[in-house]
Amino acid sequence: MARDTSDTTPLTKRAELIEWFSVGEKPPEQFAIGTEHEAIPFYRDTHAPVPYEGERGIRKLLEGFGRETGWDPILDAGNIIGLASTRGGGAISIEPGGQFELSGAPVPDVHKTMSELRAHLYALMCAADPLGIGFLDLGMSPKWTREETPLMPKSRYRIMHGYMPKVGTLGHDMMLRTGTVQVNLDFSSEADMVRKLRVSLALQPVATALFANSPFTDGRPNGFLSRRSEIWRDTDRDRTGMFPQAFEDGFGYEGYVDWLLDVPMYFVKRGETYHDVSGASFRNLMQGRLDQLPGEFATVSDWANHASTVFPEVRLKRFLEMRGSDVGNPAMIAAQAAFWVGLLYDPTALDAAWDLVKGWSAEDRECARATVPRLGLAASLAGKSLGAVAAEALAISRAGLQARARRDGTGRDETVYLRPLEAIVVAGRTHAEDRLADYDGPWQKSVEPAFDACTF
C-alpha cells in the first residue's frame, strides 16, 4: 500500500463501516483489473541487500524512478517512501525489507496489465541500472538472513515490526524477505462479492501451487516450494488464513465488518504521526475509549487503514484482493491476472467455478492450505490432486477469457496469458521445482546463480 488514506470524516455507527465496503460496488461494464507485484532488490556486484540510505540506496532508487516517470514523492517523517502517479492511479511503495512494489492503475483488460508492467520495468531499470541494482523475481530472498535484511524507515513498519513477535514466529520473515503478486478485482453487489470471495478463497491453494517460487532461504533449499506461503501460516492468526466465515450462511459485508472489528489494530494516524496502538480494539476507538489515545474517535481514514492491515488469503476492501501467490517473472505476473479475471469476470465461468468448489468442506480447504506450500501440485484437495483441480480451474478460466473476447492489436484474446500456467500443469512441475533442479545441477548447490537467472 503506497499511501495511507486521509479522510477525517468521523465514524460513529456500525452501518457506516458496512457502507464503506458497499461503496466499492460497480456495474460489470466498469470492472477493472489492478495488479500489484513486489520485486526484491539486490546489488548486482555483491548480491547484497540494498539499504535505504547511501549513494546507491533505496532512497536514491525512488528519486531516480520519480525522475523517470514524473511521479510525485510520498513522504513519511521526511523520508521518501513511495511515489504516486500524477495521472492514471498507479503508485510505488517500498515494503519493509526494501521490496519495490508497483500498485498498478485500474485497467480494463490483461493486455493493458502487460503493457503497464513493461512500461514500469523499463522505467525501473532506467533508474536502477546506474546504481547497480537488480531485482529478483523469486517469492523469497534466497540468501540473506533476517538480520542482514534492512528495515525501511516507514512508520507503520516500525510498529508492525515490534508487534509481530507477540503473535507469531515468522512475521519478520514475511515483512523482510518475501515477495508476492496480487490482482485486485471488482464486484457489482454484495451477493456478487460473496460469490467471488468464496470461489477465490477456495482456489487460493491452487494459485499458491501454480505460482510456487520460493524454495530457498539462508542460501539453501528450505524444504518448501512456496516458503512465502508457509510463512503466512505463522505470522498472525488473528488476521490471516482462509477466512472460513465467508462460507457461513448469510455472510456479507456485515460479517466481514464484525470480523474486522475484532482484529487488533496496529496504529492510528493523526496528522503525520503514527500512534502505536497495537493490540487495541477498533470498537474502543469508535467509542472514544482507546487507552493509548483517550478522547480520540474513529474516522474514515482509521477504518480504511485498519482494513489494509488484515491479510486473509483474499482480502476485501472496495475490491477483492487475491493474496496467495509468489511473485514470478513478467509472464507469470500477467498470468495471475488472467487466471482470476477468467474465473471471476465472466458470469458463466463464475458459475462453473462455484460448481467446482462448492462441495469442498472447510476441512478440505484448510488441509490444502496447510500442505500446498510443501507439496505444490502434488497436494490434495477433496480427494483430487491439486494438479487435477488446477487443470479444471484453468479450463474454466480459459473459457471465461474467451467469452470476454478482449483482443489486443494483433487479434489475440486474453487466453494467451494463461500459457505459462497451462505449461506448468502439463509438466506437473512448478517454477520452484525447476529452480531446485538448477540448484542440484548447473548451480552446483549454490544460490548465487539465482542472482543472474531469476531476475527481472
Side-chain angles (χ1 to χ4, degrees), residues 1-2 34-44 46-52 56-66 68-69 71 80-83 85 90-105 113-144 149-152 154 157 173-183 211-216 226-228 231 323 325-337 420 431-432 435 447 450-456:
M1 184 175 181
T35 303
E36 305 176 32
H37 81 274
E38 300 165 359
I40 298 170
F42 66 94
Y43 287 126
R44 292 188 183 276
T46 62
H47 298 172
V50 181
Y52 181 78
R56 299 167 61 205
I58 295 293
R59 179 198 287 269
K60 293 295 184 184
L61 178 63
L62 286 166
E63 292 171 349
F65 190 90
E68 289 292 329
T69 61
W71 290 11
I80 178 172
I81 48 87
L83 297 156
S85 172
I92 293 293
S93 60
I94 49 171
E95 294 299 298
Q99 305 95 317
F100 211 78
E101 180 178 24
L102 168 68
S103 297
T113 296
M114 181 55 95
S115 295
E116 177 189 56
L117 177 59
R118 287 176 178 142
H120 163 73
L121 290 175
Y122 176 79
L124 181 59
M125 296 312 163
C126 287
D129 284 350
L131 303 177
I133 294 174
F135 296 88
L136 290 164
D137 65 9
L138 294 170
M140 184 170 188
S141 59
K143 179 181 176 182
W144 319 309
T149 308
L151 179 66
M152 298 295 106
K154 195 170 177 178
Y157 296 159
D173 282 333
M174 178 279 292
M175 294 180 68
L176 297 170
R177 301 204 284 176
T178 64
T180 188
V181 57
Q182 299 159 4
V183 61
F211 292 88
N213 193 33
S214 48
F216 305 116
S226 177
R227 180 60 177 168
R228 182 206 62 83
I231 284 167
R323 300 183 53 82
S325 301
D326 292 356
V327 75
N329 61 36
M332 291 295 281
I333 293 171
Q336 204 242 19
H431 284 188
R435 298 293 80 78
V447 299
F451 291 89
D452 293 316
C454 303
T455 61
F456 284 98

Asker: Evaluate the criterion side-chain contact (heavy atoms from CB on, under 4.5 Å) for residue pair Thr180 and Arg323; output intermediate values, then yes/no.
Answerer: CA-CA 8 Å; Thr180 188; Arg323 300 183 53 82; 5.9 Å; no
Asker: Within this structure, what is the CG-CG distance for the pair Leu131 and Leu61, rounded to the nearest 0.5 Å?
Answerer: 6.0 Å
Asker: To the nearest 0.5 Å, what is the distance between CZ (Arg56) and NZ (Lys60)?
Answerer: 13.0 Å
Asker: Does any non-hydrogen side-chain atom of Phe100 lie less than 4.5 Å from one of Ile94?
Answerer: yes
Asker: Could you please spell out the steps behind the side-chain contact (heavy atoms from CB on, under 4.5 Å) verdict for Phe216 and Lys143?
Answerer: CA-CA 7 Å; Phe216 305 116; Lys143 179 181 176 182; over 6 Å; no
Asker: Tell me the closest heavy-atom pair linking Pro130 and Cys126, and the distance in Å.
Answerer: CD-O, 3.2 Å
Asker: I'd like to check Thr178 versus Asp173 (side-chain heavy atoms, cut-off strictly below 4.5 Å). Are they in contact?
Answerer: no
Asker: To the nearest 0.5 Å, tell me how far Glu38 CD sits from Leu136 CG.
Answerer: 13.0 Å
Asker: Among all residues two or more places apart in sequence or in another chain, which pass the salt bridge (Lys or Arg N to Asp or Glu O under 4.0 Å) test with Glu68?
Answerer: none
Asker: Indicate yes or no for a side-chain donor-acceptor contact from Gln99 to the backbone of Met175 under 3.5 Å, with no hydrogens or angles considered.
Answerer: yes
Asker: Roughly how far, to the nearest 0.5 Å, is the OG1 atom of Thr455 from the CZ atom of Phe135?
Answerer: 10.5 Å
Asker: Please enumerate all residues that pass ring-ring contact (aromatic ring centres under 6.0 Å, His included) together with Tyr52, with sequence neighbours excluded.
Answerer: none
Asker: Between His37 and Phe456 (judged by ring centroids, cut-off 6.0 Å), do the two rings come close enough to count as a pair?
Answerer: yes
Asker: Applying side chain to side chain donor-acceptor pair (under 3.5 Å), can you list everything that pairs with Ser141, at least two apart in sequence or on another chain?
Answerer: none
Asker: Looking at residues at least two apart in the chain, or sitting in another chain, which of them share a side chain to side chain donor-acceptor pair (under 3.5 Å) with Arg59?
Answerer: Glu53, Asn79
Asker: With sequence neighbours excluded, tell me which residues meet side chain to side chain donor-acceptor pair (under 3.5 Å) with Asn213.
Answerer: none
Asker: Holding to ring-ring contact (aromatic ring centres under 6.0 Å, His included), I want the full list of residues that pass it with His47, two or more places apart in sequence or in another chain.
Answerer: Phe451
Asker: Residues two or more places apart in sequence or in another chain: which of them pass ring-ring contact (aromatic ring centres under 6.0 Å, His included) with Trp144?
Answerer: none
Asker: Which residues pass the side chain to side chain contact (heavy atoms under 4.5 Å, CB included) test with Ala331, sequence neighbours left out?
Answerer: Asn329, Pro420
Asker: How would you list, by chain and number, every residue that makes a salt bridge (Lys or Arg N to Asp or Glu O under 4.0 Å) with Asp137, sequence neighbours excluded?
Answerer: none
Asker: List, one per line, each side-chain donor-acceptor pair under 3.5 Å for residues 114-123, sequence neighbours excluded.
Answerer:
residue, atom, partner, partner atom, Å
Ser115, OG, His111, O, 3.2
Glu116, OE2, Ala105, N, 2.7

Asker: Using the test side chain to side chain donor-acceptor pair (under 3.5 Å), find all partners of Ser325 that sit at least two apart in sequence or belong to another chain.
Answerer: none
Asker: Just jot down the salt bridge (Lys or Arg N to Asp or Glu O under 4.0 Å) partners of Arg435, sequence neighbours excluded, or say none.
Answerer: Asp438
Asker: Would you confirm whether Thr113, through its side chain, and Ala334, through its main-chain N or O, come within 3.5 Å as a donor-acceptor pair?
Answerer: no
Asker: Would you indicate whether the side-chain heavy atoms of Ile231 and Met140 approach each other to under 4.5 Å?
Answerer: yes
